[in-house]
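First the structure, then my questions, so here it is.
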Amino acid sequence: MSPLSSSLLNPRLSFSLKPLFLFSQSSFAPRKFQIPRQFVSAKRKTFSALASEQSSATDNGGRSGGGGRSGALSPSPVVEEVQRIDVNPPKGTRDFPPEDMRLRTWLFNHFREVSRLFGFEEVDYPVLESEVLFIRKAGEEIRDQLYCFEDRGNRRVALRPELTPSLARLVIQKGKSLSLPLKWFAIGQCWRYERMTRARRREHYQWNMDILGLPEVTAEAELISSIVAFFKRIGITESDVGFKVSSRKVLQEVLRCYSVPENLFGKVCIIIDKIEKIPIDEIKRELNATGLSEEAIEELLQVLSIKSLTKLEEILGGAGEAVAELKELFSLAEKFGYSEWIQFDASVVRGLAYYTGF
């Protein structure tokens with residue numbers, strides 16, 4: 001059989017059939033496929049002939065009697081309805097068309113430039129992590145905020161809700177091979193299945209800057225300085241935003257006064273972290289459920305309402321570690337030149353176990 005040439009077997013089909021080409025590995029010369037003649041019928045059939053064939057096929061299919069109309073076409077086949085696809089992104093996520101992508105790239109470039117200006121190196125971690133990595137250090141209740149599932153290997157995994165646990169995992173994995181202090185930064189996509197607000201989606205990006213191996217408050221002072229530098233680069237001033245600063249050690253010292261066991265500290269931090277999210281009566285009930293006395297709860301809430309470092313020193317005394325470190329931080333803020341950006345607020349307490357200080 002000869003290859004298909006430029007003229008087709010059936011002239012009426014010439015608008016849809018084209019010669020096919022294949023480039024061989026040894027040469028770029030095109031090779032034409034051979035098309036069997038039975039694929040293209042050169043015999044024309046009229047509509048009545050097609051109807052007769054259809055009627056004959058129906059009669060031979062076992063129809064008894066002669067009740068059918070001779071020459072009638074059979075009913076059209078039933079077409080299965082195709083489900084329509086929602087073209088919107090899943091709830092809580094978003095697309096980045098070119099105009100939005102340009103803005104995101106501009107913002108992320110500033111993240112990177114400021115980080116490198118302060119001597120940080122960029123890292124990244126898997127988007128998918130072991131579920132227990134987040135539950136162990138944040139409590140079982142974070143499970144409600146996780147996009148988590150069991151993979152085909154029967155392993156519980158989750159899309160990362162933030163970057164800090166992954167940082168801690170990598171540092172532990174590397175162990176003594178790392179030289180301290182570490183200064184790493186990351187810009188990562190994260191997911192949290194929680195109630196959405198106008199400015200908070202379930203999918204978000206997080207810019208992390210972390211310093212490890214530096215026990216003094218100079219690390220916190222440098223981190224705040226870097227964020228201030230970023231805000232200034234994009235035209236935001238201290239009249240637009242500010243930083244609320246505190247230390248978990250303030251809470252530790254108050255609980256120590258009432259002989260609260262150390263093993264309850266993490267639970268109390270998780271409750272206090274909700275202080276602006278749920279009613280104060282609910283805060284009191286949860287604190288009471290941990291075993292804190294009514295007196296200890298009232299004293300704790302009174303301390304957490306303090307907005308002045310001087311007032312805090314009057315209550316806790318100047319000899320405590322918490323007050324001394326906070327005073328040093330505000331002193332460094334003066335030297336770095338951003339003291340007008342920060343203010344003390346004792347109620348700022350992170351509820352996650354891997355936070356140990358400011």
Side-chain angles (χ1 to χ4, degrees), residues 137-139 141 164 211 214-225 227-228 238-239 241-358:
K137 286 299 184 179
E141 67 179 33
T164 306
I211 300 177
L214 198 62
E216 299 85 4
V217 296
T218 51
E220 282 75 15
E222 183 178 351
L223 288 170
I224 297 174
S225 180
I227 303 301
V228 170
E238 67 274 14
S239 61
V241 298
F243 299 88
K244 292 182 178 181
V245 178
S246 186
S247 172
R248 286 163 64 106
K249 294 179 181 179
V250 172
L251 185 58
Q252 283 178 316
E253 291 187 17
V254 174
L255 296 178
R256 197 175 295 122
C257 292
Y258 290 90
S259 301
V260 177
E262 287 289 334
N263 64 323
L264 292 181
F265 178 69
K267 295 181 179 179
V268 172
C269 284
I270 291 173
I271 297 170
I272 297 302
D273 198 16
K274 306 174 187 175
I275 208 163
E276 293 184 353
K277 304 173 185 175
I278 63 176
I280 194 67
D281 290 338
E282 183 64 26
I283 294 288
K284 291 180 179 180
R285 279 194 293 270
E286 291 192 21
L287 288 173
N288 186 259
T290 64
L292 267 68
S293 65
E294 294 290 338
E295 183 183 5
I297 292 172
E298 292 300 325
E299 180 68 20
L300 176 60
L301 294 177
Q302 181 183 352
V303 171
L304 293 177
S305 66
I306 295 175
K307 310 296 181 186
S308 165
L309 190 55
T310 303
K311 182 67 174 177
L312 179 70
E313 188 173 5
E314 291 175 2
I315 295 177
L316 297 182
E321 188 177 0
V323 173
E325 289 186 352
L326 284 165
K327 289 174 70 174
E328 183 182 355
L329 177 64
F330 277 83
S331 175
L332 289 170
E334 290 281 353
K335 296 175 182 177
F336 276 100
Y338 60 80
S339 58
E340 66 278 8
W341 288 74
I342 66 173
Q343 68 179 70
F344 174 72
D345 186 341
S347 66
V348 178
V349 178
R350 291 306 311 271
L352 303 177
Y354 45 73
Y355 291 104
T356 57
F358 292 92

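Values below: all heavy atoms of this structure, side chains included; hydrogens, waters and symmetry mates excluded.
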For this session: Only counting residues at least two apart or in another chain, list the ones meeting side chain to side chain donor-acceptor pair (under 3.5 Å) with Glu282.
Result: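 Per chain and number, Glu282 pairs via side chain to side chain donor-acceptor pair (under 3.5 Å) with Arg285.
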
For this session: Keeping the roles fixed (side chain from Glu328, backbone from Thr218), state whether a donor-acceptor pair exists under 3.5 Å.
Result: no

Exercise. Can you list the steps and then say if Ile227 with Phe243 is a side chain to side chain contact (heavy atoms under 4.5 Å, CB included)?
Worked result: CA-CA 10 Å; Ile227 303 301; Phe243 299 88; 3.5 Å; yes

Exercise. Are Phe265 and Arg248 close enough that some pair of their side-chain heavy atoms sits under 4.5 Å apart?
Worked result: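 When only atoms from C-beta onward are counted, Arg248 and Phe265 do touch, with a gap below 4.5 Å.
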
Problem set entry | Qualifying residues under side chain to side chain donor-acceptor pair (under 3.5 Å), relative to Lys307, sequence neighbours excluded | Asp345

Exercise. Hey, does Phe344 have a side-chain heavy atom less than 4.5 Å from the side chain of Phe330?
Worked result: yes

Problem set entry | Qualifying residues under side chain to side chain contact (heavy atoms under 4.5 Å, CB included), relative to Ser331, sequence neighbours excluded | Lys335

Exercise. What is the distance from atom OG of Ser347 to atom CG of Leu251, rounded to the nearest 0.5 Å?
Worked result: 11.0 Å

Problem set entry | Partner set under side chain to side chain contact (heavy atoms under 4.5 Å, CB included) for Ser305, not counting sequence neighbours |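 For Ser305 there are no side chain to side chain contact (heavy atoms under 4.5 Å, CB included) partners, ignoring immediate neighbours.
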
Problem set entry | Contacts of type salt bridge (charged side-chain N to carboxylate O under 4.0 Å, His left out), residue Glu313, not counting sequence neighbours | Lys327

Exercise. Looking only at atom types and distance, does a side-chain atom of Glu253 sit under 3.5 Å from a main-chain N or O of Ala322, one as donor and one as acceptor?
Worked result: yes

Exercise. Do you know the tightest heavy-atom contact between Ala346 and Val303?
Worked result: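 So the two residues come closest at CB-O, 3.3 Å.
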
Problem set entry | Partner set under salt bridge (charged side-chain N to carboxylate O under 4.0 Å, His left out) for Glu222, not counting sequence neighbours |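 Glu222 satisfies salt bridge (charged side-chain N to carboxylate O under 4.0 Å, His left out) with Lys183 once adjacent residues are dropped.
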
Exercise. Which residues satisfy the side chain to side chain contact (heavy atoms under 4.5 Å, CB included) test with Glu238, sequence neighbours excluded?
Worked result: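 Once residues adjacent in sequence are excluded, the partners of Glu238 under the side chain to side chain contact (heavy atoms under 4.5 Å, CB included) criterion are Glu340, Trp341.
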
Problem set entry | Set of side chain to side chain donor-acceptor pair (under 3.5 Å) partners for Ser225, sequence neighbours left out |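 In terms of side chain to side chain donor-acceptor pair (under 3.5 Å), with neighbours along the sequence ignored, Ser225 is linked to no residue.
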
Problem set entry | Residue list, salt bridge (charged side-chain N to carboxylate O under 4.0 Å, His left out) with Lys267, at least two apart or on another chain | none

Problem set entry | Nearest heavy atoms of Tyr338 and Ala221, plus distance in Å |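 Looking at all heavy atoms of both residues, the shortest contact is OH-O, 2.7 Å.
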
Seminar exercise, completed: Taking every heavy atom of Val348 against every heavy atom of Lys244, the minimum-distance pair comes out as CG2-CB, 3.7 Å

For this session: Kindly indicate whether the side chain of Ile278, heavy atoms from C-beta on, has any atom under 4.5 Å from the side chain of Glu286.
Result: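 Contact flag for Ile278/Glu286 side chains = yes.
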
Exercise. Are any non-hydrogen side-chain atoms of Ile342 and Val228 less than 4.5 angstrom apart?
Worked result: no

For this session: Side-chain contact test, heavy atoms from C-beta onward, threshold under 4.5 Å: evaluate it for Val217 versus Leu326 and give yes or no.
Result: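 Of all side-chain heavy-atom pairs linking Leu326 with Val217, none is under 4.5 Å.
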
For this session: Please report the C-alpha distance between Val254 and Ile315 in whole Å, then the side-chain angles of each, then the deciding distance to 0.1 Å, and finally whether the side chain to side chain contact (heavy atoms under 4.5 Å, CB included) criterion is met.
Result: CA-CA 10 Å; Val254 174; Ile315 295 177; over 6 Å; no

Problem set entry | Which residues share a side chain to side chain donor-acceptor pair (under 3.5 Å) with Ser239, sequence neighbours left out | Thr237

Exercise. Is the shortest heavy-atom distance from the side chain of Leu287 to the side chain of Val268 under 4.5 Å?
Worked result: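 Yes, their side chains come closer than 4.5 Å.
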
For this session: Provide the full list of salt bridge (Lys or Arg N to Asp or Glu O under 4.0 Å) pairs with a residue in residues 289-302, sequence neighbours left out, each pair given once.
Result: Lys284-Glu298

Problem set entry | side chain to side chain contact (heavy atoms under 4.5 Å, CB included) partners for Pro261, two or more places apart |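 By the side chain to side chain contact (heavy atoms under 4.5 Å, CB included) rule, Pro261 matches Asn263, Leu264.
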
Problem set entry | Euclidean distance, Leu312 CG relative to Leu304 CG, rounded to 0.5 Å |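 It comes to 10.0 Å.
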
